[in-house]
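Here the structure is laid out as structure tokens; the discussion comes afterwards.
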Amino acid sequence: MKRFFIFFALFVGALSAHSFDFDGIDLNSTYIKVAREISKRGYIYDNERNCLKGNCQGTEIYLSINYIDVTKKDMVGQLIVDVPLDNSPYTWTSVTTIFNVVYHQVGKTDNSITYQVDRDGTQLVVSQKDNSIILTYNTPYYKQRK
């Protein structure tokens, strides 16, 4: 049960301060500034997964930044957080229960739920892939590919 509350604090605490923040990093910024902040927190490049690997409040996670699909050059469009469930007490149900309490759900499929997290259009998509929970922050600068 203690690990469940750590998970709750990890994501809800990071999200509730600002919809643009992740682990204290302002996502409403340029890609370069976000990358510097992530680097300062000790995240390093993982060749095997082709993304950044680090520890967020005691949980090993993987980060990817999408700065290509944006409406404004050099801004962050998405931050994708991969939380492996190996050796973890978390389940899809426990994670989605937390977000259903905190945010307004605006969409749902078999393996993902979309939440509106701010009036500016910022959304959080929570999905399950293999043995991971994926949190995808879509900033107002995100532009979906056609």
- [ ] Quick one: list whatever passes side chain to side chain donor-acceptor pair (under 3.5 Å) with Asn138, sequence neighbours left out.
- [x] Gln78
Task: Set of side-chain contact (heavy atoms from CB on, under 4.5 Å) partners for Lys108, sequence neighbours left out - done: Gln105, Ile113
Open item on the list: Is there a side-chain contact between Lys33 and Val76 in this structure, where contact means two heavy atoms from C-beta onward sitting under 4.5 Å apart?
Closed with: no
Task: Minimum side-chain heavy-atom gap Leu63-Tyr43 below 4.5 Å - done: yes
Task: Pairwise distance OG1(Thr136) to OH(Tyr142) - rounded to 0.5 angstrom - done: 8.5 Å
Open item on the list: Side chains of Thr97 and Ser94: any donor to acceptor distance under 3.5 Å?
Closed with: no
Task: Which residues share a side-chain contact (heavy atoms from CB on, under 4.5 Å) with Ser64, sequence neighbours left out - done: Cys51, Ile80
TODO: Check whether the side chains of Asn100 and Tyr115 place a donor and an acceptor atom closer than 3.5 Å, and report yes or no.
DONE: yes
Open item on the list: Tell me if a side-chain donor or acceptor on Thr114 pairs with a main-chain N or O of Val125 at a distance below 3.5 Å.
Closed with: no
TODO: To the nearest 0.5 Å, tell me how far Ile134 CD1 sits from Gln128 CD.
DONE: 9.5 Å
Open item on the list: What's the separation between atom OH in Tyr141 and atom OG in Ser29, rounded to the nearest 0.5 Å?
Closed with: 9.0 Å
Open item on the list: The criterion is side-chain contact (heavy atoms from CB on, under 4.5 Å); which residues satisfy it with Arg36, sequence neighbours excluded?
Closed with: Ile32
Open item on the list: Do Val83 and Val81 make a side-chain contact, defined as non-hydrogen atoms from C-beta onward lying under 4.5 Å apart?
Closed with: yes
Open item on the list: Among residues at least two apart in sequence or on other chains, which ones pass side chain to side chain donor-acceptor pair (under 3.5 Å) with Gln123?
Closed with: Gln116
TODO: Can you sort out the partners of Asp69 under side chain to side chain donor-acceptor pair (under 3.5 Å), two or more places apart, ordered by chain and number?
DONE: Asn66, Arg145
TODO: To the nearest 0.5 Å, tell me how far Ser127 OG sits from Asp110 CG.
DONE: 12.5 Å
Task: All ring-ring contact (aromatic ring centres under 6.0 Å, His included) counterparts of Tyr31, not counting sequence neighbours - done: Tyr67
Open item on the list: Can you tell me how far apart CG (Asp86) and CG (Asn131) are? Round to the nearest 0.5 Å.
Closed with: 4.5 Å
- [ ] Just grab all the salt bridge (charged side-chain N to carboxylate O under 4.0 Å, His left out) pairs involving residues 94-104, residues at least two apart or on different chains.
- [x] none
Open item on the list: So, using side chain to side chain donor-acceptor pair (under 3.5 Å) as the criterion, who are the partners of Ser132 when residues are at least two apart?
Closed with: Asp82
Open item on the list: Tell me if a side-chain donor or acceptor on Thr96 pairs with a main-chain N or O of Trp92 at a distance below 3.5 Å.
Closed with: yes
Task: Heavy-atom side-chain contact between Pro140 and Thr122 under 4.5 Å - done: yes
- [ ] Give the cluster check for Ile44 versus Ile25: same hydrophobic cluster or not, with ILVMFWY residues linked at side-chain heavy-atom distances below 4.5 Å.
- [x] no
- [ ] Measure the CD1-CG distance between Ile65 and Leu52 for me, rounded to the nearest 0.5 Å.
- [x] 6.0 Å
Task: Partner set under side-chain contact (heavy atoms from CB on, under 4.5 Å) for Glu60, not counting sequence neighbours - done: Lys53, Tyr62
Task: Minimum side-chain heavy-atom gap Leu85-Ile133 below 4.5 Å - done: yes
- [ ] Applying salt bridge (charged side-chain N to carboxylate O under 4.0 Å, His left out), name anything that partners Lys40, two or more places apart in sequence or on another chain.
- [x] Glu37
